[in-house]
Number of protein chains: 2
Amino acid sequence: MAASNALNTRFDEWRDRGFDANACPVRNVLDRIGDKWTTLILVALAAKPCRFSQLHRNVPDISKRMLTQTLRDLQRDGLITRHVFPTKPPSVEYRLSPLGQSALAPLAGLIDWAEQSFAAIQASRAQFDAGDTSEHLSAA
Amino acid sequence: MAASNALNTRFDEWRDRGFDANACPVRNVLDRIGDKWTTLILVALAAKPCRFSQLHRNVPDISKRMLTQTLRDLQRDGLITRHVFPTKPPSVEYRLSPLGQSALAPLAGLIDWAEQSFAAIQASRAQFDAGDTSEHLSAA
DNA sequence: CGGGATCCTGCAAGATACTG
DNA sequence: CAGTATCTTGCAGGATCCCG
């Protein structure tokens, strides 16, 4: 299909450009997305703005420390905004910025792929772990 | 737009389903993709099958240890296949499996987003690091 | 060439306690 | 409530040497 060729062309460009350090968007941004909690938080905020403790509850197993840190990284990158309401016990609300919103679509694409491929991946893992000695031997 | 609503619905589903541990494709697969090297290797293999030392050269800064390990994880997940040619100095070729190929499109979506957003992200970081005290204070 | 086995280190991240 | 500060540790991952 034609789309596949276009894809290859883009991959060629990225490869040829080199992955050098932090000049490269691929590594720079992917490292963020790949972070254990970033995606979960983004998904949690996708629906509605959320307060700190709400996020703490909604994102399971995250520690306050990591939540704080991840939120600040996201804020620093401009993906979320932080709104402080000076109520008596102060309340802070986080919400997706337009930039953060724009990340949802590609993210959804990846998650869709993850869901569709999950069964196949699990099967492959099981087979591999079962001592899959079926090495692909090719004639020279 | 309608697409946005569809997006929200999907996010709702993922959220409601819970992110529990390793039953959840999101965490399970995203952890892989987010791995420092996985994406780079996938991109490197997108164009052509590649041998170990070629990958070692093409993916900068990766150690042999990590390359070996990442390749095996990818093989275990069924994203790449490993072909051994029994030549005198043995040569091993890695190539994307159909499953691995199918990951390229969503990955490309994310990388496209990364490229398009990189400038904005950098700007946001600079502003944040410049001691951005412009907290969003909202009236109670 | 394509790895495996070991050793060693730094830093990511959990636990706990304190504050405005 | 929404964090910060400090201490402590596990283990990811680099360096090095060896093997078929």
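Heavy atoms only: backbone and side chains are in, while hydrogens, waters and symmetry mates are out. In what follows, every chain begins at residue 1, and chains take the letters A, B, ... in the order their sequences are listed.
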Original post:
Listed by chain and number, what are the salt bridge (charged side-chain N to carboxylate O under 4.0 Å, His left out) partners of B/Arg65, not counting sequence neighbours?
Top reply: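 Once residues adjacent in sequence are excluded, B/Arg65 has no partner under the salt bridge (charged side-chain N to carboxylate O under 4.0 Å, His left out) criterion.
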
Original post:
Can you list the residues that meet the salt bridge (charged side-chain N to carboxylate O under 4.0 Å, His left out) rule with B/Arg57, with sequence neighbours excluded?
Top reply: none

Subject >> Heavy-atom pair with the smallest gap, counting every atom of A/Tyr94 and A/Arg82 >> reply: OH-NE, 3.3 Å

**OP:** Can you see which heavy atom on B/Leu99 is nearest to which on B/Asp77, and at what distance?
**Re:** CD2-O, 3.7 Å

Measure the distance from [atom1] on [X] to [atom2] on [N] and round it to the nearest whole Å.
{"X": "A/Leu71", "N": "D/dT4", "atom1": "CG", "atom2": "C1'", "result": "15 Å"}
{"X": "A/Arg72", "N": "D/dA5", "atom1": "CZ", "atom2": "C1'", "result": "12 Å"}
{"X": "A/Asp73", "N": "D/dG3", "atom1": "CG", "atom2": "P", "result": "14 Å"}
{"X": "A/Gln75", "N": "D/dA2", "atom1": "CD", "atom2": "P", "result": "15 Å"}
{"X": "A/His56", "N": "D/dA2", "atom1": "NE2", "atom2": "P", "result": "11 Å"}

**OP:** Would you grab the first and last nucleotide of DNA chain C (5' to 3') that comes under 4.0 Å of any non-hydrogen atom in chain A?
**Re:**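 Range of nucleotides touched by chain A: C/dA13 to C/dG20.
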
Side-chain donor-acceptor contacts of residues 35-51 of chain A below 3.5 Å, not counting sequence neighbours, with atom names and distances?
unit_1  : atom_1 : unit_2  : atom_2 : d
A/Asp35 : OD2    : A/Trp37 : N      : 3.1
A/Asp35 : OD2    : A/Thr38 : OG1    : 3.2
A/Thr38 : OG1    : A/Arg32 : O      : 2.9
A/Thr39 : OG1    : A/Ile33 : O      : 3.0

**OP:** Return the set of residues passing side-chain hydrogen bond (donor to acceptor under 3.5 Å, both in side chains) with A/Ser117 (not counting sequence neighbours), or none when no residue passes.
**Re:**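 A/Trp113.
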
Original post:
Can you tell me if A/Ser97 uses its side chain to pair, donor with acceptor, with the backbone of A/Gly100 under 3.5 Å?
Top reply: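 At least one qualifying donor-acceptor pair exists.
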
Original post:
Would you say a side-chain N or O of A/Thr68 is under 4.0 Å from OP1 or OP2 of D/dG3?
Top reply: no

Original post:
Any salt bridge (Lys or Arg N to Asp or Glu O under 4.0 Å) pairs touching residues 99-113 of chain B, not counting sequence neighbours?
Top reply: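 Pairs touching residues 99-113 of chain B that pass the test: A/Arg10-B/Asp112.
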
**OP:** Give every residue pair that meets the salt bridge (Lys or Arg N to Asp or Glu O under 4.0 Å) criterion with at least one member in residues 99-110 of chain A, sequence neighbours excluded.
**Re:** none

Polar-atom pairs under 3.5 Å, protein N or O versus N or O of nucleotides 14-17 of chain D: list them with distances, or write none.
unit_1 : atom_1 : unit_2  : atom_2 : d
D/dG14 : OP2    : B/Ser63 : OG     : 2.8
D/dG14 : N7     : B/Arg65 : NE     : 3.4
D/dG14 : O6     : B/Arg65 : NE     : 3.2

Original post:
So how far off straight is the helix from C/dC1-D/dG20 to C/dG20-D/dC1, going by the axes through five pairs at either end, to 10°?
Top reply: 50°

Original post:
Excluding sequence neighbours, so at least two apart, what forms ring pair (Phe, Tyr, Trp, His ring centres under 6.0 Å) with B/Phe11?
Top reply: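 With neighbours one apart ignored, the set is B/Trp14.
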
Original post:
On DNA chain D, nearest-nucleotide positions of B/Pro90 versus B/Gln69: which is more 5'?
Top reply: B/Gln69

Original post:
Taking everything shown except A/Arg125 itself, do over 12 heavy atoms lie less than 6.0 Å from its CZ?
Top reply: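 Atom CZ in A/Arg125 is crowded, with more than 12 foreign heavy atoms closer than 6.0 Å.
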
